[in-house]
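Only this structure's heavy atoms are used, side chains among them; waters, hydrogens and symmetry mates stay out.
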Amino acid sequence: MKIYKTNEIKNIALLGSKGSGKTTLAESMIYECGIIKRRGSIEAGNTVSDYFPVEKEYGYSVFSTVFNAEFNNKKLNIIDCPGADDFVGNAYTALGVCDMGLILVNAQYGVEVGTQNIFRTTAALKKPVIFAVNQMDAEKADFDNVMEQMREAFGPRVVQIQYPLESGPGFHSMIDVLLMKKYEWGPDGGVPTISEIPADQMDRALELNQALVEAAAENDETLMEKFFEQGSLTEDEMREGIRKGLVDRSIYPVVVLSGAKDMGVRRIMEFLGNVCPFVSDMPAPVTTTGVEVKPDANGPVSVFFFKTSVEPHIGEVSYFKVMSGTLKAGADLDNATRGGKERLAQIFTVCGQLRNPIDALEAGDIGASVKLKDVRTGNTLDEKGIDWQFDFIKYPAPKFVRAIRPVTESDAEKLSAILTRMHEEDPTWIVEQSKELKQTLVKGQGEFHLRTLKWRIENNEKLPIQFDEMRIPYRETITKAARADYRHKKQSGGSGQFGEVHLIIEPYTEGMPEPDAYKFGNQEFKLKVRDKQEIPLEWGGKLVVYDCTVGGSIDARFIPAIIKGLMDRMEQGPLTGSYARDVRVMIYDGKMHPVDSNEISFRLAGRNAFSEAFRQANPKILEPIYDVEVLTPGDTMGDVMSDLQGRRAIIMGMESENGIEKLNAKVPLKEMSSYSTSLSSITGGRSSFSMKFASYELVPGDVQEKLLKEYAESHTEE
């Protein structure tokens, strides 16, 4: 392969809902370029894209696949992304390093929830978009209906470049209103026959051509003036106008094709090569310190690593984008992220599992290297004297959590190393050692996402593992004031242990007045504050402690030990062992022994006095509540709402958004454990959801009773 110049390189993310035909289109594209001599199929498990064992096992894409296509003296670097919502992290990665998105729309189903989600992502990242209506030959294909849905969802910026003469199994020809030609294919697709537009199609073609000319002219003042003067533009002028419109997202071109039958594939590659923005057309990326780095082949060498995979018979393959300069094989670079030096002994162009060595890659190009010493996903390597780091890929929050453990306890360390490596391959697999829950948590985008992780660990690493339900991070608090005292006394020969603590506790709220007097039964307690400590808790809320002792009943040196005892119970609440929060404590009396009193005595006395008072203070359990947003087709809205209400959800609102129903609700985390699986089952995989923490709220009485009973059965009092 020749070394392409920066202004000959285009980077494209291939996106679309599950089943929109991305992998099949990718196969036809590289077939058209002569990279493969025969097209594979998903059914046969021999496509260039889906080559990992887990992908062949499940029959769908799990990882993004990098491939390149040389076409008309342009290099198209294309990243084929999985369509399932569980693997959406790949789309974020691809769009981070690509300059635009090619979104496939299934001609049978039109604009799906997945299409909407992907479009939203491109909008957030300000990436250009071209829509390709694929599977035009499918039984239920309906192009006119799809166009109506797209205009409703994405507005008037949707502009046709092509339209089919027939949708469905009879699809074999189309009109291109940019070139004003008819394209026709034989049964095997491939190279089309190009002819003049038939007379009966001319009016429609001219109308769409005029709309395209106007849309292209709107993006350039010079073109607009020429359009007003002449009423038309040349093909090159229209391409230039479309390119500028793509860059500022003022135009979304629509093309048609059948990737499976290789009809329209050559034309879309030609269109991408001629119209898709070059690397230099897009805004320059910015380093973590705000330095703008333009893709200059003559600039300092800087390389960003966006993907790592462990591949059969090869090991670790690291994928990168050349951000600046010209990277040459054998280059010695500094790792700006981790420190140390790295030699890229070999660099490759990539086409799925096919890798071809190359001597150099210029700024803007995408390649790979193997068996690097200490490079991780997200690292930046720079030439000496440069200290650029990039961090422009942001991933969605996880939606599905499970606790993970090895079947054999002695394999815990081995599992930890595997999970670390898995996170390198897919950063949306998040691993957390939860001190609070005493579990290792693995988080992902859905059940399939974590099921894939489990399959790989058990089949590739030969390590049996177990998924468990995540424990819920409840919180404990109190709702009224209470008083208790506790004497810790222990004698076992020699010096013993003695400490007695009297305290009052009450709920804490910001801005409440300082403690003064309390009445319990017929007894009144008047307090004089000697000292105050506010302790912000890592898990939220506060513990506020007042030293109100008088007459030296407890020496000041024992107060810190008492506070440690209080924190013991704040970290492991008396009700369920969950974290406690928002309590203030007044230590007002106690007793000491001149010989036996020590720190451990007062720590234990403080802890037990607090436990006793806590139980008398009308304690309550709080549970985490999440804001949940569900996007679903209208015909499934009733079922979705009914399911949520069965999960103790409070419906906050409903609205229609671009033809898709949006439902907002507040739902307890406990009820969201398997929601992604349930939602997929209810809606046939046509819905998606997102969730984020909202607040802690009191659990209902019946739920609290159940939690208390469960905890009592599994724990004994100290």
Side-chain angles (χ1 to χ4, degrees), residues 17-18 84-89 91-92 112-121 123-124 394-403 428-430 432 434 437 441-451 469-475 539-540 621-700 703 707:
S17 293
K18 183 180 177 182
D85 195 45
D86 283 40
F87 305 103
V88 69
Y92 282 76
E112 301 174 83
V113 170
T115 317
Q116 295 269 31
N117 291 340
I118 290 163
F119 183 81
R120 265 197 210 88
T121 304
K394 308 299 180 186
Y395 294 101
K399 297 182 287 191
F400 193 87
V401 185
R402 284 291 181 268
T428 57
W429 279 327
I430 298 171
E432 176 191 336
S434 175
L437 305 179
L441 304 179
V442 59
K443 305 178 181 181
Q445 294 299 307
E447 184 192 2
F448 289 140
H449 196 207
L450 294 196
R451 189 195 299 171
E469 289 283 329
M470 180 190 81
R471 299 180 185 121
I472 301 301
Y474 293 109
R475 298 286 181 266
W539 50 90
I621 299 173
L622 305 170
E623 65 179 337
I625 304 295
Y626 276 68
D627 285 324
V628 177
E629 179 184 279
V630 183
L631 297 174
T632 189
D635 62 338
T636 66
M637 185 66 158
D639 292 334
V640 170
M641 190 181 303
S642 177
D643 178 71
L644 280 172
Q645 288 170 336
R647 298 173 185 273
R648 297 194 282 129
I650 298 174
I651 306 299
M652 305 303 293
M654 296 172 284
E655 60 183 275
S656 231
E657 184 179 289
N658 299 329
I660 299 293
E661 298 300 318
K662 182 168 79 170
L663 189 152
N664 292 302
K666 289 189 179 293
V667 192
L669 178 62
K670 171 70 174 175
E671 307 296 337
M672 294 297 292
S673 171
S674 298
Y675 185 62
S676 67
T677 308
S678 176
L679 183 65
S680 179
S681 175
I682 291 169
T683 66
R686 294 185 295 152
S687 299
S688 73
F689 76 101
S690 60
M691 55 188 284
K692 63 179 180 180
F693 174 75
S695 61
Y696 269 91
E697 304 292 343
L698 294 175
V699 302
V703 176
L707 291 171

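Using a 4.0 Å cut-off between charged nitrogen and carboxylate oxygen, D85 and K399 count as a salt-bridge pair.
Qualifying salt bridge (charged side-chain N to carboxylate O under 4.0 Å, His left out) partners for K692, counting only residues two or more places apart in sequence or in other chains: none.
The CG atom of L622 sits 5.5 Å away from the CG atom of L698 when rounded to the nearest 0.5 Å. For the atom pair M672 CE and I472 CD1, the distance stands at 11.0 Å (nearest 0.5 Å). How far CZ of F448 is from OG1 of T677: 7.0 Å, rounded to the nearest 0.5 Å.
The ring pair (Phe, Tyr, Trp, His ring centres under 6.0 Å) analysis of residues 631-652, with sequence neighbours excluded, yields no pairs.
Side-chain contact of R647 with S678: a donor-acceptor pair under 3.5 Å is present, judged by distance alone. A donor and an acceptor atom, one from each side chain of T428 and Q445, are nowhere located under 3.5 Å apart.
Ring geometry, Y92 versus Y395: the interplanar angle falls from 30° to 60°, so the pair is classed tilted.
Annotation: side chain of D639 is not in contact with side chain of T683 (no heavy-atom distance under 4.5 Å).
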Where do N664 and D627 land on the side chain to side chain contact (heavy atoms under 4.5 Å, CB included) test, with the steps shown first? CA-CA 7 Å; N664 292 302; D627 285 324; over 6 Å; no

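The residue from R475, K670, R648, K666 that alone fulfils the salt bridge (charged side-chain N to carboxylate O under 4.0 Å, His left out) condition with E623 is R648.
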